[in-house]
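Everything on this sheet refers to the single structure shown next.
Each ligand, and each atom within it, is numbered from 1 in the order the structure gives.
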Amino acid sequence: MPERDAAELLRDAERVVVFTGAGMSAESGVPTFREALTGLWSRFDAKALATPEAFEADPALVWGWYEWRRALVQRVRPHAGHEAVAAIEAQVPQSVVITQNVDDLHERAGSRSLIHLHGSLFAPRCAACGSSAALPPLPEKSDRVAPPRCDDCDGPIRPGVVWFGEDLPSGELSAATEAAFGCDLLFSVGTSGLVYPAAEIPYVAARSGATVVQINPEPTTLDAVADINLRGKAAEILPDLVRKAWPR
Ligand code: OAD
């Protein structure tokens, strides 16, 4: 039974990486990228909004969309899967969480060793001079919202996330690659594995001899390289694995 193997591997692991994507936040109520956007934003394609060009062309539309997402994230809560990831960190001192997600659900569940490869909704910065900016009060309703201006140079404040066509933060990417290279067990949870270079992380672990376990209700490109494919949801499988690895 693959799940028992994964739990035994988890119990015996010395260096664990948990690599997460949008599916990790799905059961908290945060839509994944490949699901249609809902409500006001349903007529937009996320890829069309998450670009420097979109922000340049219509800062209020793009800033408003990210503030809608930040408001959504603040209304939801981490689920048992996020808590299970934090429990793994507590049991395995040399463990690292590498996330493609820009929400703060891992932090709110207690994860501390966390690398955000695609930035965060909670780290806005000036689009002109790069100064970090305070988070403004959330807008009353979800709509176009003119971005605040930079205190230092009066430039427009942008979300602190990585947009299509932009490089990932180099420090985070090298730390994530190093963690994947050095781990003995990597869980890939809730990612379609379509967006590089983040999607390379599980392959780095596999090439360096780590065991790769994938948790996803659907097959993905990673099926071919994962040693164990657990077909299911993050909020169900992760707590089960932790219970089996470390029975109370
Ligand atoms: P996707 O929306 O591409 O994939 C979400 C994955 O989660 C899919 O494979 C689903 O099958 C799976 N999934 C859905 N519900 C799940 C659940 N309850 N438990 C476990 N898995 C579940 O999201 P990502 O792979 O994270 O990039 O997308 C990667 C990147 O593409 C994002 O970081 C973003 C996006 O463009 C940037 O913003 C730069």
Can you figure out which of S192, G193, G119 has its heavy atom closest to atom 4 (O) of ligand 1?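 Comparing heavy atoms across S192, G193, G119, the nearest one to atom 4 (O) of ligand 1 lies in S192.
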State the atoms of ligand 1, each with its element, that fall below the 4.0 Å cut-off from a heavy-atom position in [X].
{"X": "P217", "value": "13 (N), 16 (C), 20 (C), 21 (N), 22 (C)"}
{"X": "Q100", "value": "29 (C), 33 (O)"}
{"X": "E218", "value": "11 (O)"}
{"X": "G21", "value": "26 (O)"}
{"X": "A22", "value": "23 (O), 24 (P), 26 (O)"}
{"X": "G190", "value": "5 (C), 6 (C), 7 (O), 20 (C), 21 (N)"}

Heavy-atom distances under 4.0 Å are what count here, so tell me which part of [X] touches ligand 1: side chain, backbone, both or neither.
{"X": "E27", "value": "side chain"}
{"X": "A26", "value": "side chain"}
{"X": "H118", "value": "side chain"}
{"X": "V162", "value": "backbone"}

For [X] and ligand 1, does the shortest N/O to N/O distance drop below 3.5 Å?
{"X": "N216", "answer": "yes"}
{"X": "T191", "answer": "yes"}
{"X": "A234", "answer": "yes"}
{"X": "T220", "answer": "no"}

[atom2] on [Y] to [atom1] on [X], rounded to 0.5 Å:
{"X": "N229", "Y": "L222", "atom1": "CG", "atom2": "CG", "value": "7.0 Å"}
{"X": "H82", "Y": "T99", "atom1": "NE2", "atom2": "OG1", "value": "7.5 Å"}
{"X": "W63", "Y": "R70", "atom1": "CH2", "atom2": "CZ", "value": "6.5 Å"}
{"X": "T177", "Y": "E200", "atom1": "OG1", "atom2": "CD", "value": "8.5 Å"}
{"X": "Q214", "Y": "L186", "atom1": "CD", "atom2": "CG", "value": "10.5 Å"}

Closest non-hydrogen atom pair between L168 and A198, with its separation: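 Closest approach of L168 to A198, heavy atoms only: CD2-N, 4.3 Å.
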Could you report the tightest heavy-atom contact between V242 and I88, atom names first, then the distance?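 In terms of heavy atoms, the two residues are closest at CG2-CG1, 3.8 Å.
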Is [X] near ligand 1, meaning one of its heavy atoms is under 4.0 Å from it?
{"X": "A50", "value": "no"}
{"X": "F164", "value": "yes"}
{"X": "V189", "value": "no"}

Compile the donor-acceptor pairs under 3.5 Å between side chains in residues 112-121 and protein atoms, sequence neighbours left out, one pair per line.
from	atom 1	to	atom 2	distance (Å)
S113	OG	S95	O	3.1
H116	ND1	N101	O	2.9
H116	ND1	G119	O	3.2
H116	NE2	E107	OE2	2.7
H118	ND1	Q100	O	3.4
S120	OG	F122	N	2.8

With the side chain counted from C-beta on, respond yes when V213 and L10 share a heavy-atom pair under 4.5 Å apart, and no when they do not.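 No, their side chains stay 4.5 Å or more apart.
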I need the full list of side-chain hydrogen bond (donor to acceptor under 3.5 Å, both in side chains) pairs touching residues 10-19, with sequence neighbours left out, sorted by first then second residue.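 Of all non-adjacent pairs touching residues 10-19, none passes side-chain hydrogen bond (donor to acceptor under 3.5 Å, both in side chains).
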Assign the ring pair F55 / W163 to parallel, tilted or perpendicular, where the plane angle (0 to 90°) is split at 30° and 60°.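 Taking W163 first and then F55, their aromatic rings sit tilted (interplane angle of 30° to 60°).
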